[in-house]
Amino acid sequence: MHGAGNDFVMLDLRGGAEPPSRAVTQKLGDRHFGVGCDQIISIEDPVEPGTVASYRIWNSDGSIAGQCGNGARCVAAWVERELQLPAGEPFVLSSPAGLHEVLPLGKGYYQVAMGVPSFDPRQVPLGAQIEHEALTYPFRDFEFSAVSMGNPHAVIVVPEAFMADVMEVGDAMQISPLFPQSVNVGFAQVVSRNELYLRVYERGAGETLACGSGACAAVAALVRRDMLDRKVSVALPGGRLQIEWPADDQPIRMSGPTAFVFQGELIV
Ligand SMILES: N[C@H](CCC[C@H](N)C(=O)O)C(=O)O
C-alpha cells in the first residue's frame, strides 16, 4: 500500500503470528533484492478495549519506529475492508504511540487522530546537552524545532523546500549526539498561514515522498512559533495532507489518501 507515495509492505500478523526479524524487515524493504518499501507495517489483534486492531512499524533499514501517519491511514483502509466495517463509521486503532480515532472520509481518504505533540526535550528525545525546552535550538548556521509525535522530529524552516540540501543536512542531524534515537528531519517552506511545502528525510528510510507524522510535527512546531494557523494544507512531493490541531491539548488530526497496490504471500 501507499499513502501519498510513502509506501509500505503491510503484514497481516493477526492471530499472534511472529513479527518480522530485523533481517526479514530489511529484506522486505530492499527495492532490488526484496519487495521494496519505506516501512513495514503490521496489522495485529486489538490489544486495547474499544479498538478493532493494533499496528507496529519497522523502517526499511530494520529499525523500529513508534509512529507512522501514512501507515496509520493504510492500516485503517486495510482493516475497514478486511473486517467489513460499516462504511463511514468511525473506529479506533492502537499503535506504540497510543490510541487513534479513525474517521473514514470515503474514496480511500481517512482522518486519523495522531495524538498530542510533545515539545519536551526528554520526550523527543534530545541529548542531555539540551537542558531546557525552547521554540528552536541551534544546529550549524540554522535552527530547528523538536517535536515528538510518538517518534522524533526536527523541523527546519527553509525559504525554498525544493532547494533544501535534504540529504546532507538530514544525515548530519541523524548522526548528531543531539538526537540519541536519531530523528526524522522536516524541511518546511511556509507558503501562507494555511499552506506548507514539506520534504522529510526520514529516520531509517531516507527522503520519502510523504511523511504523515512529519507533517503533524511541522504544523505543531510552526503553530507554536505563530507562523501557521491551526488548519493547514501540507504539500509533500507525493501528495497533500490536511492537518488540523484544534488546541494545544488536543490530538492533531491528519487527513489524506490511501491506495492498495499489490497483495501477495511472503515465504521466508
Ligand atoms: N521513519 C519514521 C517512521 C515512519 C514515519 C512516516 N513514514 C510517517 O508517515 O509518519 C521513524 O523512524 O520515526
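The first residue in the sequence is number 1, and the count goes up from there. Each ligand, and each atom within it, is numbered from 1 in the order the structure gives.
- Cluster annotation: Val157 is connected to Leu196 through the hydrophobic network of ILVMFWY side chains, with a link wherever side-chain heavy atoms come within less than 4.5 Å.
- In this structure, Gln174 contributes its side chain and Val183 its backbone to a donor-acceptor pair below 3.5 Å.
- Every residue two or more places apart in sequence or in another chain that forms a side-chain contact (heavy atoms from CB on, under 4.5 Å) with Ala113 is listed here: Glu101, Pro251, Arg253.
- Looking only at distances, a side-chain donor or acceptor of Ser54 sits under 3.5 Å from a matching main-chain atom of Asp45.
- Distance check, rounded to the nearest 0.5 Å: CG of Leu209 to NE2 of His2 gives 9.5 Å.
- Within 4.0 Å of ligand 1, the residues that place a heavy atom are Asn6, Gln39, Asn59, Ala65, Gln67, Cys68, Gly69, Asn70, Asn151, Asn184, Glu202, Arg203, Cys211, Gly212, Ser213, listed by chain and number.
- Separation of the Phe144 and Phe179 ring centroids falls under the 6.0 Å cut-off.
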